Q: 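One structure coming up, written as structure tokens, with questions to follow.
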Amino acid sequence: MNFYMQAAEILTKLATKEGSIKSLTLADNVKEKKKMYALICETLKYRDVINQIIENSQLLKVEKKLPKNITILLVHDLLFSSNGIKNLSDGPYKTAIMRNEIRLRAELVKLKIKLKVKNNEDLISPDYRNSVALPRYVRVNTLKTTVEEVIEHFQSEGYVLEEPIKILNNLSSKTIRKDFHLSDLLVLPPNTDLHNHILYLSGKIILQDKASCFPSYICSPSINSYVIDACAAPGNKTSHLSAVMKNTGKIWAFDLDKKRLRLLEKLTQKAGCKNIEAIHKSFLDVNPLDERYSKVEYILVDPSCSGSGIVNRLDGLVDSSEQETDQSDLSQKSQERLKNLSEFQIKIILHAFKFPSAKKVVYSTCSIHSQENEQVIKGVLQQNNNFILANRNDVIPTWDRRGISSEFVDDEESADKLIRTLPEDFTNGFFVACFIRKSSYMESAASTISTSNLDTNVNNSKKRKRKRKRKSAKKIKDDESDDLTLTNI
């Protein structure tokens, strides 16, 4: 029954927007992750129907000691799960549900007759049936193959190659296209299952959401460079960095979670990455002055966040109004959690700035909350004098949605240097900022000015030469004219 107690707690957190279905069901403290994910998803699909059955049967009035969310979960398994609840260990909650089994099943039959449906599947919430699923994004692992080879493989399976487009709704089945913004990303129709595909099993393609590819793409470490992935597990961004670097240089991948770090090692090995050293350690405990990291120029910081941007078609089914818990109290708890997260996020970015050779630090979250995004950026800019935001031209300039300008009252230009994504952009909610060291920026600017001055000097030199030639030509012409005059005389 502990499993159901934890599931009930997840339903409560979903209702108060304390995380997404994936972030909560796949959390470290959840032992049976797949089973938990399946239970929560299936229960939410039928939630409206379950609530009607509970109300019509007056179950909670008859069994007054039954908690609401435990009841929802058990009624789901009793009526809509093939395994039912008979195999569950006996306890007061199961006993209470079983006492009312006949009444509950009768209410289900009545409801199906009333709605004129035959199958349980027809009772699934229309919000779920009518919701728009995100496209299936495939990142081509350029360490093992090329974009062209992957496209050719899918074409051999009957897929039709179509032109890149920004608006990705109504994608036809069995179609594939290059992404509009990222050169190593392909787009397939929603719900395309590739988990057993030969290209996925061989590590030639990686199933990764589009927005999740932005941080490594923006970081764009050069060949043979030294890089730190500060909060690396489970490793998709790390393997992307390795691919950008063409397996050269060195990547130190830090993570405090040992299990997730083992997953990183497994995934990056599968991807053919040979320049990654996984280290079980908090990035905050790493000494920036350690000689090993003296050449680190690029740091990717993707720390713990609320996960509020992670989209699941079922997330929209949660109705917080049905919860009996004090909403204002839970809202306060949620705000406190965001405050704690943002303080941690600022701390870890400022720690990255302490590495003496670091010239670019990319920060990202899968959150839609400004407390973890724009407000973190403002806090970081106020507390350091060495790093500034990179210009929009260096942060996927073709991406339209930028930071929230109202968060930068006195400096709206900063918002334009940030990236935000939302589900209406056909990807998960995400946020990315790119910091660059001032000295590197000044050197680059000086180089640009120097080049510009050089070009100017060259142009001026050419102009002077042309002017001298014109003068010389004119003199020759005048001399010839004088000679002709003398001859005529």
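All figures in this text were calculated on a predicted structure; none of them were measured in a lab. The chain is numbered in sequence order, starting from 1.
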Q: With distance as the sole test, does Q345 use its side chain to make a donor-acceptor pair with the main-chain N or O of S304 at under 3.5 Å?
A: yes
Q: Taking only residues at least two apart or on different chains, which pairs with a member in residues 182-200 satisfy salt bridge (charged side-chain N to carboxylate O under 4.0 Å, His left out)?
A: none
Q: Indicate the atoms forming the closest heavy-atom contact of V362 with P215, along with that distance.
A: CG1-O, 3.8 Å
Q: Is any side-chain heavy atom of I167 closer than 4.5 Å to one of F426?
A: yes
Q: Using only atom types and a distance under 3.5 Å, with no angle test, would you say the side chain of T16 pairs donor to acceptor with the backbone of K13?
A: yes
Q: Return each pair, listed once, that meets ring pair (Phe, Tyr, Trp, His ring centres under 6.0 Å) where at least one residue sits in residues 232-252; pairs must be two or more places apart or across chains.
A: W252-Y293
Q: Only counting residues at least two apart or in another chain, list the ones meeting side chain to side chain donor-acceptor pair (under 3.5 Å) with R136.
A: none
Q: If you look only at pairs with a residue in residues 342-370, which of them pass as a salt bridge (charged side-chain N to carboxylate O under 4.0 Å, His left out), with sequence neighbours excluded?
A: E297-K359, K339-E343
Q: Could you list the residues that satisfy side chain to side chain donor-acceptor pair (under 3.5 Å) with R337, not counting sequence neighbours?
A: none
Q: Just so I know, are the side chains of C366 and C305 near enough to count as touching, which here means a heavy-atom distance under 4.5 Å?
A: yes
Q: Would you say the side-chain atoms of N384 pair up with the backbone N or O of N386, donor to acceptor, closer than 3.5 Å?
A: yes
Q: Does the side chain of F408 come within less than 4.5 Å of L418's, by heavy atoms?
A: yes
Q: For Y226, does the OH atom sit with more than 12 other heavy atoms under 6.0 Å from it, leaving out its own atoms?
A: no
Q: Does a donor on one side chain sit under 3.5 Å from an acceptor on the other, for T12 and N69?
A: yes
Q: Counting N and O atoms only, with roles assigned by atom type, does the side chain of E32 sit under 3.5 Å from a partner on the main chain of F3, one being a donor and the other an acceptor?
A: no
Q: Can you confirm whether more than 12 heavy atoms, excluding those of N385, are under 6.0 Å from its CG atom?
A: no
Q: State the OH-CD1 distance between Y363 and I299, to the nearest 0.5 angstrom.
A: 15.0 Å
Q: Determine whether Y37 and V30 make a side-chain contact, defined as any pair of heavy atoms from C-beta on separated by less than 4.5 Å.
A: no
Q: Return each pair, listed once, that meets salt bridge (charged side-chain N to carboxylate O under 4.0 Å, His left out) where at least one residue sits in residues 232-246; pairs must be two or more places apart or across chains.
A: K237-D302
Q: Does P303 reach the side chain of F283, with side-chain heavy atoms less than 4.5 Å apart?
A: no
Q: Grab the two heavy atoms, one from I276 and one from A253, that are nearest each other, plus how far apart they are.
A: CG2-CB, 4.1 Å
Q: According to ring pair (Phe, Tyr, Trp, His ring centres under 6.0 Å), does anything in residues 365-393 pair up with another residue at least two apart or in another chain? List the pairs.
A: F353-F387
Q: Run K378 and E374 through salt bridge (charged side-chain N to carboxylate O under 4.0 Å, His left out) and show every step you take.
A: CA-CA 6 Å; K378 287 195 298 183; E374 287 86 358; over 6 Å; no
Q: Which pairs count as salt bridge (charged side-chain N to carboxylate O under 4.0 Å, His left out) when at least one residue sits in residues 161-183, sequence neighbours excluded?
A: E148-K178, E162-R177, K166-D400, D179-K210
Q: Is a donor on one side and an acceptor on the other found under 3.5 Å between the side chain of S308 and the backbone of I368?
A: yes
Q: Taking side chain as C-beta onward, heavy atoms only, is I124 less than 4.5 Å from Y46?
A: yes
Q: Side chain of S242, backbone of T238: donor and acceptor closer than 3.5 Å?
A: no
Q: Set out, in order, the CA-CA distance, both residues' side-chain angles and the distance that settles side-chain contact (heavy atoms from CB on, under 4.5 Å) for Y298 and S225, then state yes or no.
A: CA-CA 8 Å; Y298 305 88; S225 58; 3.7 Å; yes
Q: Within the structure provided, determine whether C273 and L143 are in side-chain contact (heavy-atom separation under 4.5 Å).
A: yes
Q: Show me the pairs that pass side chain to side chain donor-acceptor pair (under 3.5 Å) and involve residues 196-206, at least two apart or across chains.
A: E157-H197
Q: When you measure from the side chain of T43 to the backbone N and O of L73, does any donor-acceptor pair fall under 3.5 Å?
A: no
Q: Start with the C-alpha gap between S342 and Q375, add the side-chain angles, then the distance that decides, and say whether side chain to side chain donor-acceptor pair (under 3.5 Å) holds.
A: CA-CA 8 Å; S342 64; Q375 291 180 30; over 6 Å; no
Q: What do the steps show when you test L39 against H76 for side-chain contact (heavy atoms from CB on, under 4.5 Å), and what is the final call?
A: CA-CA 9 Å; L39 175 61; H76 167 270; 4.1 Å; yes
Q: Distance from N391 atom CG to I436 atom CD1, nearest 0.5 Å?
A: 6.5 Å
Q: Tell me the ring pair (Phe, Tyr, Trp, His ring centres under 6.0 Å) pairs involving residues 159-184, sequence neighbours left out?
A: F154-Y159, H181-W399
Q: Any non-hydrogen side-chain atom of L44 less than 4.5 Å from a side-chain atom of L14?
A: yes
Q: Walk me through whether C434 and I218 qualify under side-chain contact (heavy atoms from CB on, under 4.5 Å).
A: CA-CA 7 Å; C434 179; I218 291 169; 3.8 Å; yes
Q: Is the side chain of S357 donor-acceptor paired with the backbone N or O of S294 at a distance under 3.5 Å, no angle test?
A: yes
Q: Judged by atom type as modelled, is there a donor-acceptor pair below 3.5 Å linking the side chain of S405 to the main-chain atoms of A415?
A: no
Q: Which residue pairs pass the side chain to side chain donor-acceptor pair (under 3.5 Å) test with at least one member in residues 253-271, sequence neighbours excluded?
A: none
Q: Under the salt bridge (Lys or Arg N to Asp or Glu O under 4.0 Å) rule, collect the residues that match up with D394, sequence neighbours excluded.
A: none
Q: Can you tell me how far CG of L381 sits from CD1 of I388, rounded to the nearest 0.5 angstrom?
A: 9.0 Å
Q: Between R437 and A358, which heavy-atom pair has the shortest distance, and what is it?
A: NE-O, 2.6 Å
Q: Once you round to the nearest 0.5 Å, how far does CZ of R47 lie from NZ of K45?
A: 15.5 Å
Q: Might you point out which heavy atoms bring T175 and P189 nearest each other, and give the distance in Å?
A: O-CD, 3.2 Å
Q: Show the numbers, then the answer: is there a side chain to side chain donor-acceptor pair (under 3.5 Å) between T365 and N373?
A: CA-CA 7 Å; T365 72; N373 299 332; 2.7 Å; yes
Q: Donor-acceptor pair, distance only, cut-off 3.5 Å: does the side chain of R139 make one with the backbone of N236?
A: yes
Q: Stepwise, does the side-chain contact (heavy atoms from CB on, under 4.5 Å) test hold for L182 with F214?
A: CA-CA 8 Å; L182 305 181; F214 282 5; 3.8 Å; yes
Q: Search all heavy atoms of N275 against all heavy atoms of G249 and return the closest pair with its distance.
A: CB-O, 3.5 Å
Q: Taking all non-hydrogen atoms of both residues, which atom of N247 and which atom of G272 are closest, and how far apart?
A: ND2-O, 2.9 Å
